[in-house]
Asker: 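Next up is a structure, given as structure tokens.
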Amino acid sequence: MTCFKKFFKRKFKKNTLLFTVVTLTNILLFTIIYIISNGPMVASAVRNLSLRTSQQANYVNYLNSNLLHDLKLYTRSDAMKNLDFHGITELSTLILSDSEVFNSLIVIDDKNTIVYGYTDNFKELVNGEAVRLAQQGVVGASDMIKDGNNHFIDIAAPIYDDNKNIRGVLVLRLLRDNVKVFLNGDRLDEDMEAFIVDEEGVMLTPSKYISDAVGKTKVNMEKMKLSIDYNAEITYFNYRNQEVYGSYYEIPDTGWTIFLEKEAKSANELKNKIINLFFINMIVEIFVIVIVEKLYLSYSTWYDNKETRKKKRC
């Protein structure tokens, strides 16, 4: 029995050493996997975000290109060139019924008189940047204008006669609520959000999480851009105080910026799974070691008691 006890002790020490080595090896392997995989996982999430931003930029540029093309096409119609009220009325009906963007149309002649359309802010319109640029032969857009409860942007283009002289200006009015057409939500993952802000950082499009964000919610645009420009693989806290990765695109000639954000907790999902598996494995190993130790102690106590009883009999 003494030989068996010594054998059991050697076996126990060997098993304990084995479990210790396995545990330390797992810790080492976990550390290596965590370090190696952490960078690529974040980089992959950021690349995906950058790709979605590029797609949004292409979509916006496509819309802008089409809008400018259509705008110039409208100004070249006979009705516009001749400032024909009835012809402009028919054209206006056609334009507005077929447009997802514009909700009203105004035509001004070269004497700053309205030929077609109506506005409560006539002085602001004719003195605004969009009309002034159009009168100089350049397609122009205004900043966001507030008129009562309405917020809108005027986009103006020059109207030329057959002799290439500017006869007037065509103004198409874009309501703030229609700015959302510039976003293509079909290209976003479930854990992403895209929104457009103006030059002050005020939201022009609905938030995925805040129902009345348009015109009310303001983001720290400069801080967000600074963080993204410094290192896109570093997270920042967004307007909801959530940790996110971000990317952005500045829409030309508007002062607007599209932001795309991806939740950090989603981007780190695989990393969290690795951590969870490691801790589960550690718990199982500790449990096995504790059971083996208890078995040894139980056997050792039983064996010592048995030997003691033998000696007493003797």
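Values reported hereafter were calculated over all heavy atoms of this structure, with side chains retained and with hydrogens, waters and symmetry mates removed.
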Asker: Using modelled atom types and a 3.5 Å cut-off, is there a donor and acceptor pairing between side-chain atoms of T93 and backbone atoms of T89?
Answerer: yes

Asker: Go through the side-chain N and O atoms of N61 and Y249 and say whether any donor and acceptor fall under 3.5 Å apart.
Answerer: yes

Asker: Can you give me the closest heavy-atom contact between A156 and V171, atom names plus distance?
Answerer: CB-CG2, 4.1 Å

Asker: Using 0.5 Å steps for rounding, measure from the CE atom of M224 to the OG atom of S247.
Answerer: 10.5 Å

Asker: R240 versus Y209: any side-chain heavy-atom pair under 4.5 Å?
Answerer: yes

Asker: How many angstroms lie between CG in N103 and CG in L174, if you round to the nearest 0.5 Å?
Answerer: 8.0 Å

Asker: Roughly how far, to the nearest 0.5 Å, is the CD atom of E129 from the CZ atom of R132?
Answerer: 6.0 Å

Asker: Hey, mind stepping through I258 and Y59 against side-chain contact (heavy atoms from CB on, under 4.5 Å) and telling me if it holds?
Answerer: CA-CA 12 Å; I258 297 177; Y59 183 71; over 6 Å; no

Asker: Where do K262 and D191 land on the salt bridge (charged side-chain N to carboxylate O under 4.0 Å, His left out) test, with the steps shown first?
Answerer: CA-CA 6 Å; K262 182 181 180 68; D191 59 345; 2.6 Å; yes

Asker: Considering all heavy atoms of both residues, which atom of S207 and which atom of A213 are nearest to each other, and what is their separation?
Answerer: CB-CB, 3.6 Å

Asker: Taking atom CD1 of I166 and atom CD of Q136, what is their separation to the nearest 0.5 Å?
Answerer: 8.5 Å

Asker: Taking all heavy atoms of S92 and all of L105, pick out the closest pair and write down the distance.
Answerer: OG-CB, 4.0 Å

Asker: Could you state whether V60 and L67 fall into the same hydrophobic cluster, counting links through intermediate Ile, Leu, Val, Met, Phe, Trp or Tyr residues with side-chain heavy atoms under 4.5 angstrom apart?
Answerer: yes

Asker: Counting distance only, does the side-chain N/O of S54 pair as donor-acceptor with the main-chain N or O of S50 below 3.5 Å?
Answerer: yes

Asker: Report yes or no: do V115 and L71 belong to one cluster of Ile/Leu/Val/Met/Phe/Trp/Tyr joined by side chain heavy-atom distances under 4.5 Å?
Answerer: yes

Asker: Kindly give the heavy-atom pair with the smallest separation between I159 and V169, and that separation in Å.
Answerer: CD1-C, 3.7 Å

Asker: So which heavy atom on E250 is nearest to which on T257, and how close?
Answerer: CG-OG1, 3.8 Å

Asker: Can you tell which of V197, I210, D198 makes a side-chain contact (heavy atoms from CB on, under 4.5 Å) with M203?
Answerer: V197

Asker: Strictly by modelled atom types, are T119 and R173 linked by a side-chain donor-acceptor pair under 3.5 Å?
Answerer: yes

Asker: Are Y248 and L49 connected into the same hydrophobic cluster when the rule is that any two of I, L, V, M, F, W, Y join if their side-chain heavy atoms are below 4.5 Å apart?
Answerer: no

Asker: Going by the side-chain contact (heavy atoms from CB on, under 4.5 Å) test, name the single residue among L170, V107, I95 that passes it with I88.
Answerer: V107

Asker: Between atom OG1 of T205 and atom CH2 of W256, what is the distance when rounded to the nearest 0.5 Å?
Answerer: 10.0 Å

Asker: Listing request: all salt bridge (Lys or Arg N to Asp or Glu O under 4.0 Å) pairs with a residue in residues 79-89, at least two apart in sequence or in separate chains.
Answerer: D78-K81, K81-D162

Asker: Ignoring hydrogens and geometry, is there a side-chain-to-backbone donor-acceptor pair from S77 to Y74 under 3.5 Å?
Answerer: yes

Asker: Please name all residues satisfying side-chain contact (heavy atoms from CB on, under 4.5 Å) with K111, sequence neighbours left out, ordered by chain then number.
Answerer: D109, T113

Asker: Please name all residues satisfying salt bridge (charged side-chain N to carboxylate O under 4.0 Å, His left out) with D212, sequence neighbours left out, ordered by chain then number.
Answerer: K216

Asker: Flag the pair L125 / V131 as yes when at least one side-chain heavy-atom distance between them is below 4.5 Å, and no otherwise.
Answerer: yes

Asker: Sub-3.5 Å donor-acceptor pair from the side chain of E193 to the main-chain atoms of K208, do we have one?
Answerer: yes

Asker: For E90, what residues pass the side-chain contact (heavy atoms from CB on, under 4.5 Å) criterion, not counting sequence neighbours?
Answerer: none

Asker: Any side-chain heavy atom of Y236 within less than 4.5 Å of one from E261?
Answerer: yes

Asker: Among residues at least two apart in sequence or on other chains, which ones pass ring-ring contact (aromatic ring centres under 6.0 Å, His included) with F195?
Answerer: Y239, F259

Asker: As an exercise, state the distance from OG1 of T53 to CG of N48, rounded to the nearest 0.5 Å.
Answerer: 9.5 Å

Asker: Going by the ring pair (Phe, Tyr, Trp, His ring centres under 6.0 Å) test, which pairs reach into residues 99-146, not counting sequence neighbours?
Answerer: F85-Y116

Asker: Write down the atom of T75, the atom of A157, and the distance for their closest heavy-atom approach.
Answerer: CG2-CB, 4.0 Å

Asker: Give a yes or no on whether L91 and L96 share a hydrophobic cluster (residues Ile, Leu, Val, Met, Phe, Trp, Tyr; joining criterion: side-chain heavy atoms under 4.5 Å apart).
Answerer: yes

Asker: So, the side chain of R167 versus the backbone of D110: is there a donor-acceptor pair under 3.5 Å, distance only?
Answerer: no

Asker: Quick check: are there more than 12 heavy atoms from other residues, nucleotides or ligands sitting under 6.0 Å from NZ of K72?
Answerer: no

Asker: Would a hydrophobic clustering, with Ile, Leu, Val, Met, Phe, Trp and Tyr connected at side-chain separations under 4.5 Å, put L73 with I155?
Answerer: no

